[in-house]
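Below is one structure, written out as structure tokens; comments come after it.
In the text below, chain A, chain B and the rest are named by the order of the sequence lines, each starting its count at 1. No hydrogens, no waters, no symmetry mates; every other heavy atom, side chains included, goes into these values.
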Protein chains: 2
Amino acid sequence: MAQKNRLKYILLGLLKDKSQTGYDLTKSFESDIGEFWTANHSQIYPLLKRMEAERLIDHKTSLVGEKLQKKEYFITETGSHTFEKWLKSPSEIDTIHDEFILKLYFIDDPQSVLLKQMITSQQSYHRDKLVHLKMQFKEKFPSSKQIKQHFGHSLVLRHAIEREQGYSDWLNEIYKTIK
Amino acid sequence: MAQKNRLKYILLGLLKDKSQTGYDLTKSFESDIGEFWTANHSQIYPLLKRMEAERLIDHKTSLVGEKLQKKEYFITETGSHTFEKWLKSPSEIDTIHDEFILKLYFIDDPQSVLLKQMITSQQSYHRDKLVHLKMQFKEKFPSSKQIKQHFGHSLVLRHAIEREQGYSDWLNEIYKTIK
DNA sequence: CCGTACATGTAACCCGTTACATGATTAA
DNA sequence: TTAATCATGTAACGGGTTACATGTACGG
């Protein structure tokens, strides 16, 4: 086994909640789950087929208009079991791949002009990201009711916000010392 | 162009500092740079050959004992130029792939027993990581002299420490609210 | 002499990205 | 009628992991 295939478990997790088409699943990577993982339809469709062959999921075909068929995928008993087993398994930690951090590693001189430019461009990126995430939280969790219903999601969003806040703080700190 | 190939730039960055063999380069992913990126020798050796074909690097062969030959790679003018161009290019941001965060996303119930177990196991991981990183910093940057010489590296290590601190704080916060 | 470290390579395989490809439905 | 969205697929390719493979040098 060469890689992890976490996408499989994401799809199981999403289908556990409700039956969906490959198209629907693809779209969820453009919103909610998209903050934490990415996937294209070209990866999702073949994977769904493989997962069906493994009996983790199944599908029923339905008509949209007069001709267009769509495949509504749903999770099987085996699929649910596999998903729960994954939840309980120890989580492996990947090293974080951040291109900016990588570049920074190679800059030895505190007085480097390039460094200043790099910091300011990163500052604006992470500032925007922070604003975006805070807005997301407000939209999805306007009251404690939503938090109780999707506790994990709220924690994950809060974590992303705190991470971006930390990133911004760190950048601002650097900026102060080099300017 | 399907992917990024950041490893190429890491190798250039390392060779810019000093000439090294593939073996040496492989080893540096077990220490310093290993905190921020991973790579195996099976990836490095073929890449070095490709980079040589692109005239980014070159090598001279030397003898270790009586038979064993090693290839000492060094960076070319073209290689230096390519590296500098990369440093100046805008940094793309990848979404962070954290398996624990992913699992958490799917846990709706704040009272879940599984959640408690997951939190405590993560707490110990990130606590250990934090200790490790702080030790690394003390070892590599015992005084301001080293920081001035390798400013970027010091920033990157400080960032990793603050990130782990933030992660731990967040976990502890969750633990308090669910216990 | 024996185990560890030094030193270099290839092959199989999976994951993920980009691009190619096609067609139906719906709302403006 | 036409543009956006819905809907599903395949192909090519590059990056990264695991495993296979071989041999030398050196210190205890």
Side-chain angles (χ1 to χ4, degrees), chain A residues 1-11 19-31 33-34 36-54 57 59-73 92-97 99 102, chain B residues 1-11 19-31 33-34 36-54 57 59-73 86 92-99 102:
Chain A
M1 128 202 26
Q3 237 98 318
K4 330 258 169 157
N5 205 357
R6 270 120 188 207
L7 183 56
K8 182 161 92 174
Y9 300 105
I10 298 175
L11 297 181
S19 302
Q20 290 178 78
T21 65
Y23 187 83
D24 295 331
L25 291 163
T26 301
K27 272 205 309 176
S28 51
F29 286 91
E30 282 158 24
S31 56
I33 196 116
F36 320 108
W37 216 269
T38 51
N40 304 307
H41 79 277
S42 57
Q43 201 184 354
I44 291 170
Y45 285 117
L47 181 52
L48 286 169
K49 284 198 170 177
R50 256 159 52 217
M51 287 167 68
E52 190 171 7
E54 288 177 60
I57 56 174
H59 82 272
K60 52 174 185 276
T61 307
S62 64
L63 275 173
V64 179
E66 289 190 330
K67 286 183 180 178
L68 188 60
Q69 293 191 345
K70 66 174 180 182
K71 292 183 179 176
E72 192 101 7
Y73 284 96
E92 276 162 62
I93 282 97
D94 304 347
T95 53
I96 292 163
H97 286 191
E99 193 174 25
L102 208 50
Chain B
M1 125 199 33
Q3 238 97 320
K4 329 259 172 157
N5 204 359
R6 270 122 188 205
L7 183 55
K8 181 161 93 174
Y9 301 105
I10 298 175
L11 296 181
S19 303
Q20 290 177 78
T21 64
Y23 187 83
D24 295 330
L25 290 163
T26 301
K27 271 205 309 178
S28 53
F29 287 90
E30 282 157 23
S31 55
I33 196 114
F36 319 109
W37 215 269
T38 51
N40 306 307
H41 80 276
S42 58
Q43 199 184 355
I44 291 170
Y45 286 116
L47 181 53
L48 285 170
K49 285 198 170 176
R50 256 160 51 216
M51 288 167 70
E52 191 172 5
E54 288 177 61
I57 56 174
H59 81 273
K60 52 173 186 279
T61 307
S62 64
L63 275 175
V64 180
E66 290 190 330
K67 287 184 183 175
L68 188 60
Q69 294 191 345
K70 66 174 180 182
K71 293 184 179 176
E72 193 102 8
Y73 284 98
W86 173 68
E92 277 162 60
I93 283 95
D94 305 346
T95 54
I96 292 163
H97 285 193
D98 182 324
E99 192 174 25
L102 207 52

Please determine which of B/I44, B/I33, B/N5 meets the side-chain contact (heavy atoms from CB on, under 4.5 Å) test together with B/I10.
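It is B/I33, the one option of B/I44, B/I33, B/N5 that forms the side-chain contact (heavy atoms from CB on, under 4.5 Å) with B/I10.
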Strand contacts (DNA chain C) in residues 36-45 of chain A, 4.0 angstrom heavy-atom criterion
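Listed by number, they are A/T38, A/N40, A/S42, A/Q43.
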Specify whether B/W37 and A/H97 have parallel, tilted or perpendicular ring planes, treating 30° as the upper limit for parallel and 60° as the lower limit for perpendicular.
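Because their plane-to-plane angle is under 30°, the rings of B/W37 and A/H97 count as parallel.
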Pull out every residue in residues 62-72 of chain B that has a heavy atom closer than 4.0 Å to any atom of DNA chain D, ordered by number, or say none.
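Going residue by residue through residues 62-72 of chain B, the ones with a heavy atom under 4.0 Å of DNA chain D turn out to be B/G65, B/E66, B/K67, B/L68.
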With a 4.0 Å cutoff (strictly under), does any side-chain N or O of B/Y23 reach OP1 or OP2 of C/dT8?
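No, outside the criterion.
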State whether B/K27 places a side-chain N or O below 4.0 Å from either non-bridging phosphate oxygen (OP1 or OP2) of C/dC6.
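Yes, such a contact exists.
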Would you classify B/K49 as touching base, sugar-phosphate or nothing, given that sugar-phosphate means primed atoms plus P, OP1 and OP2, and contacts are heavy atoms under 4.0 Å?
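Result for B/K49 = sugar-phosphate.
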Assign B/R50 to base, sugar-phosphate, or nothing according to its heavy-atom contacts below 4.0 angstrom with the strands shown.
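B/R50: backbone/sugar contact only, no base atoms under 4.0 Å.
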Length of the [atom1]-[atom2] vector between [X] and [N], whole Å:
{"X": "B/D24", "N": "C/dA5", "atom1": "CG", "atom2": "P", "value": "15 Å"}
{"X": "A/E54", "N": "C/dC14", "atom1": "CD", "atom2": "P", "value": "11 Å"}
{"X": "B/N5", "N": "D/dG15", "atom1": "CG", "atom2": "P", "value": "4 Å"}

Under a 4.0 Å N-O cut-off, is there an ion pair linking A/E54 with A/K8?
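Yes, A/E54 and A/K8 are salt-bridged.
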Counting only N and O atoms by type, is there a donor-acceptor contact under 3.5 Å from the side chain of A/Q69 to the main-chain atoms of A/T61?
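It does not hold such a pair.
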Rounded to the nearest 0.5 Å, how far does CG of B/L11 lie from CZ of B/F29?
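Going from the CZ atom of B/F29 to the CG atom of B/L11 covers 5.5 Å.
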